[in-house]
Amino acid sequence: MRIRFWLLDITYDMVGDIPEIRMFGITDTGKRVVVCDRSFRPYFYVVPKQDVPMDAVLRGLKKLGLRAKVLSLDVVEKKYFGKPLKVVKVTCQRPPDVPTLREEARSLPFVQDVLEADIRYYMRYMIDNDIYPCTWHEVEVEEIEKPRDWQFDAVYLAKGVPKPIPEMRSVPELKVLAFDIECYNPTGAPKPEKDPVIIISIATNTGLKKLITAEGRRDRDVLWEFVRVIREFDPDIIVGYNSNEFDWPYLLERSKYVKVKLNVSRLNTEPATSVYGHISILGRANVDLYNFAEEIPEIKVKTLENVADYLGVKKKSERVLIEGHEIYRYWDDESRRPLLMRYAMDDVESILGLAEKFLPFAIQLSAITGIPLDQVGAASVGFRVEWLLMRYAYKFNELVPNRVERPAETYRGAIVLEPKPGIHENIAVLDFSAMYPNIMIKYNISPDTYVPPMEEIAPDMVYVAPEVGHRFRREPPGFYRKVLETLIKYRKAIREEMKKYPPTSFEYRILDERQKAVKVIANATYGYCGWTGARWYMREVAEAVTAWGREMIKKTINYATQLGLKVIYGDTDSIFVNYDEDRIRKLIEWVEKELGLEMKPDKIYVRVFFTEAKKRYCGLLPDGRIDIVGFEAVRGDWAEIAKEVQEKTIEIVLKERSVDKAIEYVHRVIEELRSGKVPLSKLIIWKTLSKDLSEYKVLSAHVAAAKKLLELGYKLSVGDKVGYIVTKGSGKLAQKAKPYILVKSIDEIDVEYYIDKQIIPAAMRILGYFGIKEDQLRTGRKQKSLLEFFT
DNA sequence: GCCTTGAAGTTACCG
DNA sequence: ACCGGTAACTTCAAGGCG
């Protein structure tokens with residue numbers, strides 16, 4: 001029989017000595033199925049040293065491995081960095097044998113290199129058969145017996161390789177279950193060896209809502225019930241918030257202590273740690289939505305309530321908020337316990353809401369990159385690009401380079417112009433569309449088209465990068481050019497197809513998320529090629545891209561000036577000029593004709609303000625909104641009070657053009673702060689721990705605060721944000737920084753710090769340009785006396 | 001031993 | 001664990017001064 005299925009997840013297992021690919025899918029009739037393929041075998045390539053005869057190579061490789069670990073040796077024609085190369089394909093019986101066989105092969109005297117021996121077996125299977133997760137496939141199958149403890153409608157044995165059905169772009173109705181756990185935590189961070197799980201909240205996209213609580217029972221029963229609820233609802237996707245880092249590890253650890261098997265997978269197994277630090281639950285996609293929240297730069301402190309609030313999923317004002325360290329108090333206090341219950345429900349409802357926001361994009365990102373849905377969020381940008389490149393390499397018969405450790409290398413990047421300080425009226429921002437990808441295409445920049453300095457080649461056969469002199473063959477099309485061209489064409493086609501549907505339709509949404517996913521990958525390709533960890537890394541490639549970028553922007557500035565436009569500022573691929581439609585049109589035409597790139601007006605500012613600093617400006621848009629770029633107001637490491645002051649100052653200056661009003665406003669805020677009317681929450685300064693506490697060379701404020709938290713039993717790790725408040729005291733700032741959760745009263749705070757080091761600098765950044773002096777902003781006690789002024 | 005000053009360390013932004 | 005360019009803060013240590 002033939003079935004059609006949408007691929008949700010993939011893995012493999014050994015059945016005796018046979019590796020079995022297992023594809024977990026949903027059929028077009030809504031059945032949850034497993035499609036098993038036992039026909040595929042792992043393999044890798046051996047590159048022989050030059051001048052070694054192939055028969056000698058084959059003879060040598062025959063000794064590889066014992067007990068028929070190697071099934072076959074085939075000489076195949078591949079390309080390596082664009083050059084034809086004869087290699088030996090070593091096909092093996094068992095995936096687990098590959099690492100040892102690889103090392104064995106590598107050590108042989110006639111072997112130059114071993115390639116593609118580090119590609120996971122199920123990824124290899126998908127790449128070779130053009131199978132993408134989160135897409136539809138058709139396959140001839142026969143039903144086989146379902147193991148009793150597997151949770152599927154049917155198990156099939158594939159009688160051929162599944163074939164993609166590109167015209168089926170829908171997404172089946174997926175059963176989504178959101179969950180969140182609360183733990184008893186009287187000593188800071190909860191510890192699974194002693195602290196029970198007190199609440200597990202659950203919400204599904206079918207409307208089920210449930211609190212599993214430890215009220216009147218041990219948490220052992222909570223875990224049991226959790227497993228039961230999951231198995232009963234049988235979700236396709238399980239979502240959590242930071243669940244890869246917290247909920248699942250905690251549940252797994254805790255379940256060991258209370259002796260509960262967390263068999264929540266469709267194969268009746270426990271969740272397990274897998275690649276990119278994600279937790280895998282066989283047969284379901286376990287998605288940690290925190291990974292997607294991480295990609296929203298506007299949200300500085302990415303707590304669940306902040307993200308849900310920002311996305312309009314659940315407003316903070318309409319939910320219960322409890323500080324993490326207080327959870328146990330709410331549990332212990334019978335009168336407050338209902339609040340904790342409500343809090344747990346608000347959390348899980350928020351998570352389900354986030355799933356609705358993030359899953360459509362996650363699904364398309366998975367379908368584009370080929371990384372399984374449960375991994376794609378956890379995979380870094382570099383790996384997302386790389387898996388896509390590996391898919392293309394296979395299509396182009398190119399060998400995939402090995403991942404090698406390289407020392408850090410630096411090279412010059414983009415140009416940033418000195419801004420013309422002051423207020424400018426009526427300014428247009430023009431920028432190149434997808435500048436770096438288009439430069440890579442235009443000059444055929446790629447590791448496989450690169451011509452090393454020693455190699456002789458006719459000048460008209462190559463493009464030569466300005467300043468750095470790197471040369472790239474004009475023909476044939478390089479790897480990056482082919483990939484980027486395909487992506488750009490593909491995105492255009494998607495956008496074209498979107499026009500067929502109303503913007504509110506399901507189809508439109510899918511296509512829109514898809515074109516966004518394609519754009520994200522295309523834009524990350526330059527960054528990828530300059531990443532020393534990349535398989536296709538080459539410094540010269542990245543260096544040439546930025547060199548041509550500098551040339552483009554310089555030429556554009558020149559011509560703009562010639563046309564009589566005034567260039568006020570520019571950064572990388574943008575220029576700010578006076579909004580003169582005729583001249584701008586001419587400039588854009590010139591750019592297209594002479595530089596072969598597209599340039600578009602991005603936005604118009606009614607009024608825009610620059611100080612002397614680069615990468616910082618603010619502007620008033622025609623619709624009355626205000627853009628703030630680079631300034632403290634958009635940074636996450638300044639106190640809210642200072643950011644607010646700066647934002648308001650900018651607004652007054654740009655909209656009302658009144659410096660006096662702004663000063664008056666700053667005075668008012670300072671007075672409010674002095675009289676204790678500013679809430680503590682506006683005084684918290686958040687900073688990220690970028691390394692382990694022991695590695696810091698200087699004791700800065702957030703490190704000092706982090707150490708205090710640690711002493712109290714809280715757990716902190718790299719990447720966590722520490723919120724501190726500056727309190728009264730003497731000595732260094734670090735000594736006065738106190739974790740905000742320990743600050744109980746407004747009387748503790750160091751008012752002068754917030755005035756002198758937060759509010760005034762933030763306001764001065766703007767007002768300083770208008771000749772305002774710090775003392776004009778300062779009010780009250782600490783105004784400098786004339787005497788102090790002269791000493 | 002105290003104060004000034006510049007380098008180093010650190011974070012987070014822009015495109 | 002995607003790039004370089006940039007601003008701005010705090011800490012730290014060297015060097016000058018008394």
Side-chain angles (χ1 to χ4, degrees), chain A residues 275-277 295 297-298 300-301 378-386 389 403 405-406 408-419 429 431-436 440 520-539 541-547 549-550 553 569-576 602 610-617 627-639 642-643 685-691 695-704 718-719 721-722 726 731-737 753 756-758 761-762 764-765:
Chain A
V275 282
Y276 317 120
E295 292 170 26
E298 289 84 357
K300 308 297 174 184
V301 182
S380 69
V381 176
F383 288 111
R384 292 178 193 171
V385 173
E386 191 149 81
L389 292 177
R403 192 174 291 293
E405 282 218 33
R406 300 182 181 88
E409 268 186 297
T410 57
Y411 63 90
R412 271 182 73 195
I415 288 182
V416 188
L417 302 187
E418 295 281 350
V429 184
D431 54 27
F432 288 100
S433 337
M435 187 203 230
Y436 286 167
M440 293 172 88
V520 164
I521 297 293
N523 286 344
T525 305
Y526 153 71
Y528 170 84
C529 78
W531 171 41
T532 48
R535 289 177 191 266
W536 277 278
Y537 167 80
M538 189 181 271
R539 193 203 76 235
V541 165
E543 202 167 34
V545 176
T546 57
R550 291 192 297 273
I553 195 85
Y569 178 64
D571 184 349
T572 311
D573 60 353
S574 69
I575 57 168
F576 290 54
D602 179 36
F610 285 93
T611 65
E612 282 173 4
K614 295 170 173 181
K615 296 193 182 276
R616 297 186 151 208
Y617 57 88
D627 254 356
I628 302 178
V629 179
F631 284 121
E632 286 74 6
V634 295
R635 291 180 63 100
D637 58 351
W638 282 71
K643 304 206 300 177
I685 296 166
W686 293 92
K687 280 200 167 91
T688 308
L689 286 178
S690 63
K691 49 193 153 197
E695 289 170 49
Y696 279 96
K697 290 179 186 148
V698 292
L699 185 75
S700 49
H702 73 302
V703 175
V718 176
K721 276 210 158 61
V722 181
V726 180
K732 292 186 180 64
L733 175 62
Q735 290 169 274
K736 303 194 283 178
Y753 173 83
D756 289 342
K757 303 289 181 181
Q758 291 277 329
M764 274 300 288
R765 205 78 63 211

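Each chain gets a letter, A, B and so on, in the order its sequence line appears, and its residues count up from 1.
- Remark: A/Arg539 pairs with A/Glu409, A/Glu543 by the salt bridge (charged side-chain N to carboxylate O under 4.0 Å, His left out) rule, at least two apart or across chains.
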Output a table of nitrogen or oxygen pairs between the protein and nucleotides 5-7 of chain C separated by less than 3.5 Å.
| from | atom 1 | to | atom 2 | distance (Å) |
| --- | --- | --- | --- | --- |
| C/dG5 | OP1 | A/Gly413 | N | 3.0 |
| C/dT6 | OP1 | A/Lys614 | NZ | 2.8 |

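- Checked by atom type and distance alone, the side chain of A/Arg384 pairs as donor or acceptor with a backbone atom of A/Ala379 at under 3.5 Å.
- The distance between atom CG of A/Asp756 and atom P of C/dT10, rounded to the nearest whole Å, is 11 Å.
- In this structure, the side chain of A/Arg406 engages the main chain of A/Thr532 through a donor-acceptor pair within 3.5 Å.
- Heavy atoms of A/Lys736 sit nowhere under 4.0 angstrom from any nucleic acid atom.
- Note on A/Gly533: nothing from the nucleic acid sits closer than 4.0 angstrom, heavy atoms only.
- Applying the salt bridge (charged side-chain N to carboxylate O under 4.0 Å, His left out) rule to A/Asp602 yields no partners; only residues at least two apart in sequence or on another chain are considered.
- Within 4.0 Å (heavy atoms only), A/Ala734 reaches sugar-phosphate atoms of the nucleic acid but no base atom.
- Evaluation of the salt bridge (charged side-chain N to carboxylate O under 4.0 Å, His left out) rule for A/Lys687 yields no partner, not counting sequence neighbours.
- The distance from atom CD1 of A/Ile628 to atom OH of A/Tyr617, rounded to the nearest 0.5 Å, is 12.0 Å.
- With salt bridges taken as basic N to acidic carboxylate O contacts below 4.0 Å, none links A/Asp571 and A/Lys614.
- In summary, the aromatic rings of A/Trp531 and A/Tyr526 are positioned with their centroids too far apart to meet the 6.0 Å limit.
- With hydrogens and angles disregarded, a donor-acceptor distance shorter than 3.5 Å links the side chain of A/Lys643 to the backbone of A/Arg635.
- Side-chain N or O atoms of A/Tyr569 include none that pairs as donor or acceptor with a backbone N or O of A/Ser574 at under 3.5 Å.
- The ring of A/Phe576 has its center closer than 6.0 angstrom to the ring center of A/Phe610.
- In this structure, the NE2 atom of A/His702 is 11 Å from the C1' atom of C/dT10, given to the nearest Å.
- In this structure, the CE atom of A/Met440 is 14 Å from the P atom of C/dC3, given to the nearest Å.
- For the pair A/Lys300 (side chain) and A/Val634 (backbone), a donor-acceptor distance under 3.5 Å is present.
- Following rounding to the nearest Å, A/Tyr696 (OH) and C/dC12 (P) show an atom-to-atom distance of 14 Å.
- Spacing between atom CG of A/Leu699 and atom P of C/dC12 amounts to 7 Å, rounded to whole angstrom units.
- Between the CG atom of A/Asn523 and the C1' atom of C/dC3 there is a distance of 13 Å, rounded to whole Å.
- Using a 4.0 Å heavy-atom criterion, one finds that A/Ser574 contacts no nucleic acid atom at all.
- Note on A/Val703: nothing from the nucleic acid sits closer than 4.0 angstrom, heavy atoms only.
- At a threshold of 4.0 angstrom between heavy atoms, the contacts of A/Tyr617 are confined to the sugar-phosphate backbone, with no base atom among them.
- Heavy-atom contacts of chain A under 4.0 Å fall on DNA chain B between two terminal nucleotides, which in 5' to 3' order are B/dG9 to B/dG15.
- Atoms OH (A/Tyr528) and P (C/dC2) sit 11 Å apart, rounded to a whole Å.
- Axis angle across the helix from B/dG1-C/dC17 to B/dG15-C/dC3, with five pairs used at each end and values rounded to 10°: 20°.
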